[in-house]
There are 2 protein chains.
Amino acid sequence: MTAAGYDPPPASGRGDPHLAAHAFEPFAVAVDLAVFTVRAGTLHVLLIRRGQEPYVGAWALPGGFVLPRESAETAARRELAEETGLPAEVVAALHLEQLRTYSEPDRDPRMRVVSVAFTVLVPDMPEPAVEGGGDAAHARWLAVGEASDLAFDHAVILADARERIGSKLEYTCLATAFCPPEFTLGELRAVYETVWGTALDRPNFRRKVLTTPGFVEAVPGGARLTGGRGKPAALYRPGPATALHPPLLRPEGPTR
Amino acid sequence: MTAAGYDPPPASGRGDPHLAAHAFEPFAVAVDLAVFTVRAGTLHVLLIRRGQEPYVGAWALPGGFVLPRESAETAARRELAEETGLPAEVVAALHLEQLRTYSEPDRDPRMRVVSVAFTVLVPDMPEPAVEGGGDAAHARWLAVGEASDLAFDHAVILADARERIGSKLEYTCLATAFCPPEFTLGELRAVYETVWGTALDRPNFRRKVLTTPGFVEAVPGGARLTGGRGKPAALYRPGPATALHPPLLRPEGPTR
DNA sequence: CCAAAAGTGTTGACAATACACCCATGA
DNA sequence: TCATGGGTGTATTGTCAACACTTTTGG
């Protein structure tokens, strides 16, 4: 600091608060959301078509500014509700988690924007729920494979988010966040298989999930038809556990 | 956004850039550093004694503002060099990684400060290196157990950072970042035992490390006395691997 | 010779794999 | 009755934890 002739920051150092307020350039602080769902055997991400320069017509992650009295988490949930049109209580229950903060000086060509990125996992929901909000006219689910030429550094954020959820499936119970409130083990397995892009042995997967205490708990009466053919599957709910000990390791074999 | 009458952010939405520049309250963006080392069988963290209000006399994590043309990562390394007095090339090689961003509106009583927190792992180094910088007169290593009543929300940041490195040791090769360039397996094991607070079986730990390809590689000629008694131990360097497959799981047993 | 720490070997428990097989349902 | 997906059983394989034992140093 002395070398730069720079006063220390309020929250971290020993600077004079009155000087400090003028010692920094103001930054815009935004949130960006990587919202994922599993749909028809493919990982999908929620994207918005840009209507203005720069990057007109390109797809971008939803997001927005953090308001003066908000935390980044609060802003993320607010933006999520606005862009998806989902009711507040649904958004409040979604799994939302900080990914990382992107702060390269030129990531936005117009001005200095520091963006806190979040990863959100939602169950597959009818498309209208997404299109619903008046504000979300351009919001759409795209298969992650189709999502190219994203605006700004959003391709990097998306890649980081994918990698994160892939490894989080290994050692947390996160996969249930992709499922509806009650789900079959086949649906749960499909989450793993689509995120990892590998096939899993069905009997072994079943055993692993059921023997991990608190991962899922059986719904007493429930049995659901699995979409037509096959034996009806038992229904499960997410259990109280959050971590997976021991982890469910991703096969290192060939990518499907 | 429509509900709030608020224009979308530049980096994330569809807002008019000229309006956008005035649509947000300026935030200060800072970095906070949780710098850890393993010292005498205890995890230590680098802290700075505050000389001004608020929290005069309290310990705080080192940190500072992000400058106009810096990324958070660049700012973190700059601050680290300034506060520790270490030469730039040493700092450039240290393991530094984003922890998470803290953005509660009132985390700094004076003004709105959003802080990107980093976790840094350094090998045990002589205390003078830390005290060296003219700016770092108040920087000291404290055992994490002794670090209480930290300024701002730094106790939360510190707790989050501890938890993160604990779990990162399980599935990455990160532990070598706590060791000098060449180290014995006993030193490496001490890192795990100190961070986790558990005892590990020496033979099994050895096998696990040596059979994981790329974790460590033997230094051809080297053998070092382990500080007096005992058989001299072979020396190892960090290998090219970064991930640990399969992971080295932390025993869930009693805390030592 | 003893203590201390490195290094090797062996064994049993347990977990993960790979597969064979049966069950219930829709077409 | 056949295809499809759910559910069960089992043998093999591999990994990990526990612990006995040898080796090499300093005191």
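Below, read A as the first sequence line, B as the second, and so on, with proteins coming before strands; counting in each chain starts at 1.
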So, Tyr102(A) versus Asp32(A): side-chain donor-acceptor pair below 3.5 Å or not? no
Using whole Å, report how far CG of Leu188(A) lies from C1' of dG7(D). 16 Å
Measure the distance from CD on Glu187(B) to C1' on dA4(C) and round it to the nearest whole Å. 16 Å
Check Leu244(A) against Thr212(A) and note the closest heavy-atom contact, atom names and distance. CD1-CG2, 3.8 Å
Cationic N near anionic O, under 4.0 Å, Glu73(A) to Arg100(B): yes
Nucleotide dC21(D), atom P - distance to NZ of Lys231(B) in whole Å: 17 Å
Find the distance Leu185(B):CG to dT8(C):P and express it as a whole number of Å. 10 Å
With the threshold set at under 4.0 Å for non-hydrogen atoms, list the residues of residues 200-210 of chain B touching DNA chain D in residue-number order. Asp201(B), Pro203(B), Asn204(B), Arg207(B), Lys208(B)
Hey, are Glu82(A) and Arg77(A) close enough for a salt bridge, meaning a charged N less than 4.0 Å from a carboxylate O? no
Figure out the CG/P separation between Leu235(A) and dG6(D), and round it to whole Å. 12 Å
Assess, by modelled atom type and distance only, whether the side chains of Ser103(A) and Ser71(B) contain a donor and an acceptor separated by less than 3.5 Å. no
Can you check the Arg189(B) CZ to dG7(C) P distance for me, whole Å? 11 Å
Which heavy atom of Thr42(A) sits nearest to which heavy atom of Ala143(A), and what is that distance? CG2-CB, 3.8 Å
Whole-Å gap separating P (dA16(C)) and NE2 (His245(A)): 13 Å
